[in-house]
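Worksheet for the structure shown next.
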Protein chains: 2
Amino acid sequence: MKSIFYSRFFILLPWILIVIIVIDIDTKRSSVRNTASFYFSRMGTVQQRQQDVRATRSSSGFGSNGTSLPVIYAITPTYSRAVQKAELTRLANTFRQVPQFHWIVVEDSNSHTELVSRFLARSGLRCTHLNVFTPRRFKRTGMPRATEQRNAALGWLRGHRTSKDKGVVFFADDDNTYSLELFEEMRSTRRVSVWPVGLVGGRRYERPLVEKGKVVGWYTGWRADRPFAIDMAGFAVNLQVILSNPRALFKRRGAKPGMQESDFLKQITKVEELEPKAHNCTQVLVWHTRTEKVNLGNEPKRQRDSVFIEV
Amino acid sequence: MKSIFYSRFFILLPWILIVIIVIDIDTKRSSVRNTASFYFSRMGTVQQRQQDVRATRSSSGFGSNGTSLPVIYAITPTYSRAVQKAELTRLANTFRQVPQFHWIVVEDSNSHTELVSRFLARSGLRCTHLNVFTPRRFKRTGMPRATEQRNAALGWLRGHRTSKDKGVVFFADDDNTYSLELFEEMRSTRRVSVWPVGLVGGRRYERPLVEKGKVVGWYTGWRADRPFAIDMAGFAVNLQVILSNPRALFKRRGAKPGMQESDFLKQITKVEELEPKAHNCTQVLVWHTRTEKVNLGNEPKRQRDSVFIEV
């Protein structure tokens, strides 16, 4: 009797161990799915499908500690120019390391461009690709930029996400520089969170001034009288706030340059409700870098190279 | 007899499976060591030590397919300026995804600056931090830049690596944009490899012209008569070529701007020996982006903020 018990035990024990190990591997793999190896494996023709499958899988994704991690929705307006692919490349290189990340790229164009479509398909990121053309009359100096694109992304979120989805929305322009810590800071946004931005407003940095955990003013070099004297890269909004304020949008009518952020934030929050991040707004984790316009003075008038090369 | 055989088989089989699975996990873990999770775990005070341990571990590192992967030594000269930390941040975000990577950062300064030291210690990358000050007389417009810094890095490699080390050396300026594919292309460099560079020389791109697998000329908009009409970001050199040509250096004396690359490459190779990468030099995988100088016009003359914030 005893020997039968032992033999059964020794037959069952290792199978149980195998099951435990396999479950353990699966959990760990999902947390490193955002790595370069995945990126490199995605060179085939089934890219779009893989991407969709992955999106479905990860939208119910859990952090490595078992709790579900809110998805970070980064909204990036972009437009065709010499440095576009370069900018998107280094953005993707950063975003690929952020867990539970969803990139909403909105082109200023009448249709998806081939360059951006191909780029996103190979990026290894969960992406939504939108486009909306900004009418020429809005493309003058002094006019706010990318208004239509940001609103298109907000519209997409309102149409495709529900009160059950946990997420944080962030406006990630394509020429800024983002540290990975920034995304971990913003992930816990309950309503609207804020933090310093480097190299903006003619200063080394701008930041919300914090006292006893509340925002009480703004350290800025430019129009300190703005209700929210903050750059587009300086705040994040909980997805549910976006969904429960369906009419909150970026404005064209009556909007002044530099007032887009204030005009938008006024519709969804108050200064005293803001949640300061980055050690009470004392760390710069994002920089408002700008890339020089490219000199193409030596570009030949007629195509002189024997092949077409995408840049 | 038969039943004893079966029972032994069913007892042994799962144990064998467990051993196989455990070995498999260990192999896979080592190949994802370069990820964000590692980066985030490195926030304590034992950073330098961890880094050294890691360097030792990975210097005998093997690729996931069991063959040893040559280390990529990226040499990055850098100097203090408003956008320095931003530039290093997005570079590190890219490099962190390159397996078997060793970053040699050379500051133009009399000693290691605190900003760069702190940054590298937290970067999650295997780093060597050097510094050498460029004399003021060499800092005029039209003079070649970063000569002393690149030579210091070459000197370090010659002093710390031997004929047993497998590696590839690449000059990675701190404002360029690098795709991950670039590093996989250069990793197989036997002597000197070359590829196109985007947004350089007043053109969308420059590239070596290739016929039957050999470089036969240069598509360039500027001084096509240079022996090697190529940008610093357009080539990589096998470590053994650097070691076996101990006097090959970047020159100050007699060097003209834009001729640094040619002057250096002339000392170690010939045009007909160059190895074309990136699909016979038809893909742009690196871009010569430049970041705008920051406007600090609104920076207060006296320190007006209550805390010091690193940017």
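We use all heavy atoms of the structure for the numbers below, so side chains are in, but hydrogens, waters and symmetry mates are not. To find a chain, count down the sequence lines: A is the first, B the second, and so on, and within it residues start at 1.
For chain B, the option among A/V83, A/V200, A/N295, A/N176 with the highest count of heavy-atom pairs below 4.5 Å is A/N295. Between chain A and the options B/R290, B/Q283, B/R90, B/H288, heavy-atom pairs under 4.5 Å are most frequent for B/R90. Put simply, of B/V284, B/T282, B/T177, the one with the most heavy-atom pairs under 4.5 Å next to chain A is B/T177.
Between the side chain of A/N298 and the backbone N or O of B/W222 there is no donor-acceptor pair closer than 3.5 Å. The main-chain N or O of A/Q97 is never found under 3.5 Å from a side-chain atom of B/N93 such that the two would form a donor-acceptor pair. For the pair A/R204 (side chain) and B/I309 (backbone), a donor-acceptor distance under 3.5 Å is present.
By the 6.0 Å contact criterion, CZ on A/R226 is enclosed, its count of non-hydrogen atoms from other residues, nucleotides or ligands being greater than 12.
Of all heavy-atom pairs spanning B/T289 and A/A86, the tightest one is CG2-CB, 3.8 Å.
Contact annotation for A/L91: neither backbone nor side-chain heavy atoms come within less than 4.5 Å of a heavy atom of chain B. Heavy atoms closer than 4.5 Å to chain A are found nowhere in B/L285, neither backbone nor side chain. For B/V311, the parts lying under 4.5 angstrom from a heavy atom of chain A are both the backbone and the side chain.
Of the inter-residue distances, the one linking B/T291 atom OG1 with A/L199 atom CG reads 10.0 Å to the nearest 0.5 angstrom.
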Please step through side-chain contact (heavy atoms from CB on, under 4.5 Å) for the pair A/R304 and B/Y219, ending with a clear verdict. CA-CA 9 Å; A/R304 271 214 339 220; B/Y219 175 82; 4.3 Å; yes

side-chain contact (heavy atoms from CB on, under 4.5 Å) for A/R207 and B/V307? Distances and angles first, verdict last. CA-CA 11 Å; A/R207 74 179 188 104; B/V307 284; 3.5 Å; yes

